[in-house]
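One structure is given here, and the rest of the page talks about it.
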Amino acid sequence: MNAYMPSTTFFVLLSPFIAALFAPALTRLFKHNAAWLLAIVPAAIFWHFSTFLPDVANGEVVTGGYQWIPAFRVNFSWLIDGLSLTFALLISGIGALIVLYSGGYLKSHPHLGRFFSFILMFMGSMLGLVTSDSFLMFFVFWELTSITSFLLIGFDHKREASRRAALQALVVTGGGGLFLLAGLLLIWNVTGISEMSLLLRSHTALADSPFYIAIFVLVLGGAFTKSAQFPLHFWLPNAMEAPTPVSAYLHSATMVKAGVYLLMRLNPVLGDTVAWETVLPIFGGTTLIVGTLLAIRQTDMKLMLAYTTVSSLGLLVMLTGFGSEKAVEAAVLYLVAHSMFKGALFMVAGAIDHEAGSRDITKVGGLMASMPIIFAAAFASAFSMAGLPPFFGFLAKEEIYAGLWHVEAWPLLLTLVAIVGNGLMFVIGFAVALKPFLGEKKAPGDHPHDGPVLLWLGPAVLAICSLVTALFSELTHHYISSPMSTAVEGEAVSVHISIIPHIGMPLYLSLVTIAFGVVAYRNVDRLRAAMTRLLDAIGWGPDQGFDQFIRGTVRLSFRVTQVVQPGRLEIYMKATFILLAIAVMVPMIVFDELPAMPKMPEYLSLYETAIMAIAAVGLLSVLYAKDRLTAIVSLGIQGFAVALIFMLFGAPDLSFTQFMVETLSVVILALVMTRLKLTPTDHRSVGKTAIDLIISVVCATAFVLLLLSVTQLPFDASLSDFFTRYSLSIAHGANIVNVILVDFRGTDTWGEIAVVMVAGLAILSLIRIRLRPAVPIATNDPSEEERR
Amino acid sequence: MTLLVGVFFAVAIYLFLSKHIIRILLGAAILGNAVNLLIFTSGRLTREVPPILSPDDPVSNVVITANPLPQALILTAIVISFSFFAFLLVLGFRAYQELETDDTEEMRFAEPEDQEMPPLGY
Amino acid sequence: MIDTAALLEAAILVSLTLLCLSFVLTVFRVIRGPTLPDRILALDMLVATAIGFIAVIGIKTGYTLYVDIAIALGLVGFLATVAFARFVLARGNTGDEEPSIASSGEVEKKDG
Amino acid sequence: MRTLIFRTVAPYLSSLMVLFSVFVLLRGHNEPGGGFIGGLIAASAFAIYGIACGVSPVRRALFFHPMAIAGSGLMMASIAGLVSILAGVPFMTGLWVYIPIFGEELALSTVLLFDVGVYFVVVGAITSIALALEERATD
Amino acid sequence: MASSEKTPVDLSAAMITEPAALADWLVIAPLVLCMVLGSLLLMVRKDTRLQPFIAIPGLAVLVLLDVGLLVHVIVNGPVTMTMGRWLPPFGISFTVDILGALLCLTAGIAAFAGGLYGAGDVNDSGRRYGFYPFLFLMMAGVSGAFLTGDIFNLYVWFEVLLISSFGLLILGSERGQIDGATKYAFLNLVATTLFLIATGYLYGIFGTLNMADIAQKAPAMTDKAPLVTLVSLYLLAFGMKAAAFPANFWLPASYHTPRVVVSALFAGLLTKVGVYALMRVTLMLFPAERDVLGFVIAIIAAATMIIGAMGALAQTDFRRLLGYLVISGIGIMFAGIALASPSGVAGTIFYAVHSMIVMTALYLASGLAARAAGGFSIASSSGVYSSHVFLAAITLMLFFAVSGLPPFSGFWPKVILVKASLDVGAWWLAGAILLSGFLTTIAVGRVWILSYWRPAMTGGPAQDEAVTLNPLVDYLPLVLLTALVVIVGIFPQQILELSQTGSDQVLNPVDYIRSVFPQGGEQ
Amino acid sequence: MDSFLAIIIALMIVIGSAFTFVAALGLIRLPDVYTRMHAASKAGTVGSGVVLIALGIEAGDTGTLTRALAGVAFFLLTAPISAHLLAKASYAVGYRLSELSVVDEMPKRGDRTNSTGE
Amino acid sequence: MRLFLINMLLALTWAAVTGFFTILNLAFGFFLGAFVLYLIREQVGSVGYFSRARRIASLFVLFLYELAMSAIRVAIMVLSPKMNLKPGIFAYRLEVDRDFEITLLANMITLTPGTLSVDVSEDKKFLYVHAIDCSDLEATRKDIADGFERKILEAFR
Ligand code: NA
Ligand code: NA
């Protein structure tokens, strides 16, 4: 890892972002045909990553990268093993198809360029996510996928549903991201390792760490939100507000699998524990069942597919958590299969919507003749989804049952869950793939057909892939499945399943599934009605829960803010001074910094006492003044008294200034008050008076105690001695105070006069700038206006 | 002296707790004095020996005078608090003109009483 | 020959006492009022007393530089009284204890 | 407030006060006083002038807007600090020159310039406030 | 220079005898420039057309000087210039370390953006009554506060920036402004007065005001003097200044009332000075006492960030929302002060830089958005995304930045702070940082979907006429700041390194002290 | 110090303070603001003036003495003006004379157009 | 006024010649200058200058005397156990008509026993004076007319 060599991988990882920069311009030039140009980027990425296949198949792990933030020990480093390579290939391969498909689907959209830009950025983020070695780089890309998907879901920003779905996705996945961040940082803290590759190699027993549960929960928080596990699944179907290419790409093939990727990635270090093998299957299984049941209820093809995506993710999580080697293999196979068939089916749904004008399976039908290629792709993908040979889905299904089956309560339960889930997915796959094409022809739009090549190329290629990968399963396993399973399992694994059925338990279970599926398919309308009734009876779901969460948070915040920021200066002041009392009193008492009992009061001569008494009288008179002028004049009294005190204690300059300032204060008070008609005294209720009195007395006592405590210390007068010594000899001034002001500490005075000047200007602007037309100023001089 | 500082603070803070701008202003003026006296006391007190040397005789001049540094600091503080006082006074005056009140309870223009809940939709 | 220092000290003590008494009386007038001009007058008087006080302290301590303070105080004290007189003129005699011989309506008109 | 008596005396009074203020300013380095107090006295002088004779005469008398005077004061003080760059010493170092006039030495210093700057700032700012208030009060 | 010195005095006992290097003038240069230009602009106050032509190049020079100063400090370590060449601690020393120089530069950049934006945003009367002089004097206050090494002098610069901010706040004299200014002014007056009081006590205890001197003397006084109480008082004073909960009242009451550019400058500059001062006092001067109060600061930090984020969620007005985000950010900065670990403090410094830039930019953006959408209310304004997509793009980046999402500038300091919190087992503090980020995301996300994405309402002001924005004065400052946000987000190494060095210098001020007392300790 | 001067000074400060005290007493005892003004503007001014001159003498340098004299002159110039302004303002806004008053020849608001400033 | 300026100039010259600009030296120069002017009074027409100076001095002496009397009388009045007051405001018809003179008169009246100038009528014909003792207004008026007003007229006409 120390030898950071320049590498094409680095530029490959950056290339989608660079392409995103140019996408709008290209689209302006070439219209939707820019898709062909832009698709070169993912294609090239695909090609680049496929060159790693032989090495990775041989069990090598390719790492590389650069120092990014050495100060924080964060690298821009990548890790290419079976897991990340498979993901990278899926992302770039399907990505290329999606870019093309987008060109057709959004052919005349005014913001197609922007769309390309977003989707390329997303692709780059996803690619970065799966190839990241460094934790923080991983997290950066993780959040980038949330951000870009926010933009894509809200692409159709004029509809409220889109905006809501976008925010929902951002909140759920962004919130989950924070858990993930905490989890990753905790791992970093516990192990001192911040790179996946090192973590996987280190054999540090995270599982034995006291922080294991915390890490586990935090990582799951990230994974489950991103991968839409029940009960946080709701954002994913809502994300179908995005244009269909987005749904096909993000919400089936790639982003939603980021959570699964994370679980798979960390399986070697976090797995093999009771928590892992209990929690994951429970959440996964529940999500599987709930997802399929909710899918049954839908008639919108996209939504049906979206809910089955939820269930598929549940299945993947369940398998990953199950813990056996076979289950991991099954998860790997199913993940690949799902990416292909689900991407294709979404594109099919989009194509039908685009051509026939509706995605509602009850509103379209009989399109087989007019859209033969699309139909073929749909049909093939549905076969794969249903787990029927000779498609890749079949291999996955066989392996699932092989992995789960075990004559024990827990595996049996999970097997049952898998059967029900798969059976229902079988139903939906065929509902989407058959209903629009069979039966009598009906379509709201006019002249549906396969449309431009951009529109059908994607589903067709993916359908073919489903077939080819299954037919040449040995190759697939050699290059894809085995390396990936090895990575997930953390030790060498090889996959062998092929489309030639082997007699055994998995086959029987598959047959059971198919039988269940066929029965269910025939009763799909009844099932749908039942589900609708059930959900109506429950009447509440996490989706509404989201609205309630947002509203509740806003309302709570509003109430809290009203309490802490009530808008009344009086309360602010009161709080401030209570804080003051606390800030001084509490530490003084707690840390025993109270002063010693003061000695006998310092000697005061008669007139000193008199002056101080006058000051006090002036103060009290300010308090109790019946009218404003008395208060002002009393203010003058205490000011004069202070000036006299200064004089008595050897501070003529202070006294001088204090006299001047105090008088001027009183003068401007009088000048200003001239125009005000105010109630002079404030009427506080007895209780309020008491509280205010207590606050002020406590604060004052605090200050007095602290002052006593300070003055009881020996004093270091070296500064003043210095000033006294050099005031005349070097600074040529006999008045030490003035010399301090203009020489020793002239910079203070410099700032001080700036204050005076600014205060003057501020007051001038306060007086002069008035919104209401000012009364013309009495002046005889027309040039006066100029001067102001 | 220390006690007097306390009285100054108590009165100033009590005035600050009023809901009338004008009273708070008076409080601000007194607070300034309170702080000055505090710094003055904090720098220790000396009676009646101003820190002024005799220009004719610079050598024998190193006598014990009142501590000049706190005086300089207080001078700066006086000037600053005077500037602030003047500004606040005019501000209060303008507030009275524009808002037609000096009661802070009624001064609710920046943060109105009936603040609306932000929109809850999307 | 009398002890001049003691004499001066005694004189200073007497005058400081007198001045302090004056302060007290004047402060009383400020607080008592009853009218606005009374208070202003008392403040004016306060300034005068303070000038005397400064001068006496100057004599007591031997720091004659206090004379400038006294002068300056006289100057701004004058300004204060002027400003207050203005204030009285502009405000009318509202808010005092004493009734007025001129009707307040007239006063209002004049301020205009 | 523009009574005959006051109006007649005020200009003389004000000029006396300004004179006194300059005295206080120049003497501040050795005895109580200095730029700030001097400035306050001068500002009081202009305030009295303004109250007695109206704002316009004061503005005409000052010629520059008071705030511009304040600005120039701050500028002066800053320049007083900056001069030391020429002498290769840190900011705000007091530099003294003695110019012999009639046998006496006239001491000029950056410190004095600084104090004059303080004086101008205070005169400008406070006068500006006073005049603005006076105008406002009379409208 | 003729001298009529009659009695020879040993100058070297009182003064620094070696001449000041020209490079050391950089220490004071930003401040001098601001003061001189501020006063110059005041003198030509009435020539409102001339003002921007002096001010904007002046601010550009300020930024250059700040850059020069930062480089100087990076190369040579903390630099000191003692005013009047009096030996420290007798003269006022300006001592600049990385922390001061970095924040000073950031402030300069924010001010430059604000000054540029102000050329379009501030009307004639605003200029006539001192927008630019106020701006420069405020920058003088801010720069002075960051650069000075003397605690009383710090107080003076606090006051300079405070009074200038008053001036900026009331330019316009609208009712809301006056009301906001009243609360702002009185509460801030209390805050700075507390600062002064604390400094008075401090002088009474130590007999010195030079920060390096205090830092030297503090350990010996820990057991003798009431230092915890003193630090607690400072904490309150600077906490108020920084608008930390529960002393944050003044900020939401006022920040939304002035001109947008003024809010922007405030958001960028003012509260951070409070944070800076708190760092200086608690971390450098009184580390032992800070340790005692660490838990309290941590609670304040957590409460501030959560209350701030919740406040943002509760707002209808975009600008008020931003005000609460400022507060939330303060909480995050406080977290590092509470931790006081090298990485925690580095996070605080980094976050301060981020916050200064991003909050300034957000306010500027909010002003443009309000022009485009016809107001600040997220309830009634909408359609910015459709009408001004470039502005929307910039705003969105800023939103993500302020939420702490990658790859923008807010991300790294947050991660560093979360990690630093976890390092010491303060999981709840880490949780608070993350939670506040989460709430912030919701808050700004809502603004985005309502004001930006939501289509313009029929009959709304945005539809009546296309609002055109000037690319030079309106967009350029915003683009500049946003570019910084993105660049710092993608290439955080430089800033992070600086923050770490700055953090080390503050936590272990040996170099700082040596720069003030080259002979090692005072006479 | 010259004992003669000392006696003079002692006398002056006592007399001055006494005058001031009398003025303060007058402030208390006299019945209305107008009569009180007599006390304040005469006894008060003379009182502080005398003490100030005493200070000037005590200083023993001409500069201080001339300043003290100038100060006194200044008080003598300002005291009547402030009394005049205050009296005029008080009268103008209707503070009435004490009930003891025997004569009031001031023209009332209605029948004069005197310069009331502003 | 011209002569006064010449006198000042002479004083300055004196100071310049002697080399120090102290107040004392200037004052000395002033008196010296006045003396010189006196010597040449026939030629430069400075006779009036000196007689006016004498009359102003006389006014000043009167004023100081009255001031002292005033303070003492107020003191006596205040200190007397039973104050016998007959206060009031009376109008005084002015002889002088120049602003400067009116002002001077008004101020002097204020500083003298028992009287206090309250206002001047708009047409500058009347001075309204508050007096503590209004038992004999005619006598008071006569005192003013024969005292200050006459002296003022003498000094400045
Ligand atoms: Na000063
Ligand atoms: Na001074």
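Chain A is the first sequence line, chain B the second, and so forth, proteins listed ahead of strands; every chain is numbered from 1.
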Rounded distance [0.5 Å steps], [atom1] in [X] versus [atom2] in [Y]:
X	Y	atom1	atom2	answer
Thr26(C)	Ile637(A)	OG1	CD1	8.5 Å
Ile31(C)	Ser634(A)	CD1	OG	6.0 Å
Leu19(C)	Ile611(A)	CG	CD1	9.0 Å

What pairs meet the side-chain hydrogen bond (donor to acceptor under 3.5 Å, both in side chains) rule with one or both residues in residues 41-51 of chain C, with sequence neighbours excluded?
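Listed by first then second residue: Asp44(C)-Thr81(C).
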Applying a criterion of heavy atom separation less than 4.5 Å, what residues of residues 10-18 of chain C form contacts with chain A?
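Listed by number, the contacting residues are Leu16(C), Thr17(C).
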Any [X] side-chain heavy atom under 4.5 Å of [Y] side chain:
X	Y	result
Phe659(A)	Val76(C)	no
Val47(C)	Phe640(A)	yes
Leu79(C)	Leu664(A)	yes
Phe656(A)	Leu73(C)	no

Part of Ile668(A) lying under 4.5 Å from any heavy atom of chain C
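Ile668(A) has no heavy atom closer than 4.5 Å to chain C.
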Atom of Thr663(A), atom of Ala80(C) and distance for their closest heavy-atom approach
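Looks like CG2-CB, 3.6 Å.
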Let me know which of Leu43(C), Leu36(C), Leu46(C) forms a side-chain contact (heavy atoms from CB on, under 4.5 Å) with Val633(A).
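With Val633(A) as partner, Leu43(C), Leu36(C), Leu46(C) yield a single side-chain contact (heavy atoms from CB on, under 4.5 Å), made by Leu43(C).
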Filter on ring pair (Phe, Tyr, Trp, His ring centres under 6.0 Å), then keep only pairs touching residues 3-49 of chain C, sequence neighbours left out; what's left?
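Residue pairs with at least one partner in residues 3-49 of chain C: Phe23(C)-Phe53(C).
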Which residues in residues 614-622 of chain A have a heavy atom less than 4.5 Å from any heavy atom of chain C?
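Residues of residues 614-622 of chain A touching chain C at under 4.5 Å: Ile614(A), Val617(A), Ser621(A).
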Structural part of Ile54(C) lying under 4.5 Å from a heavy atom of chain A
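Its backbone and side chain both get close to chain A.
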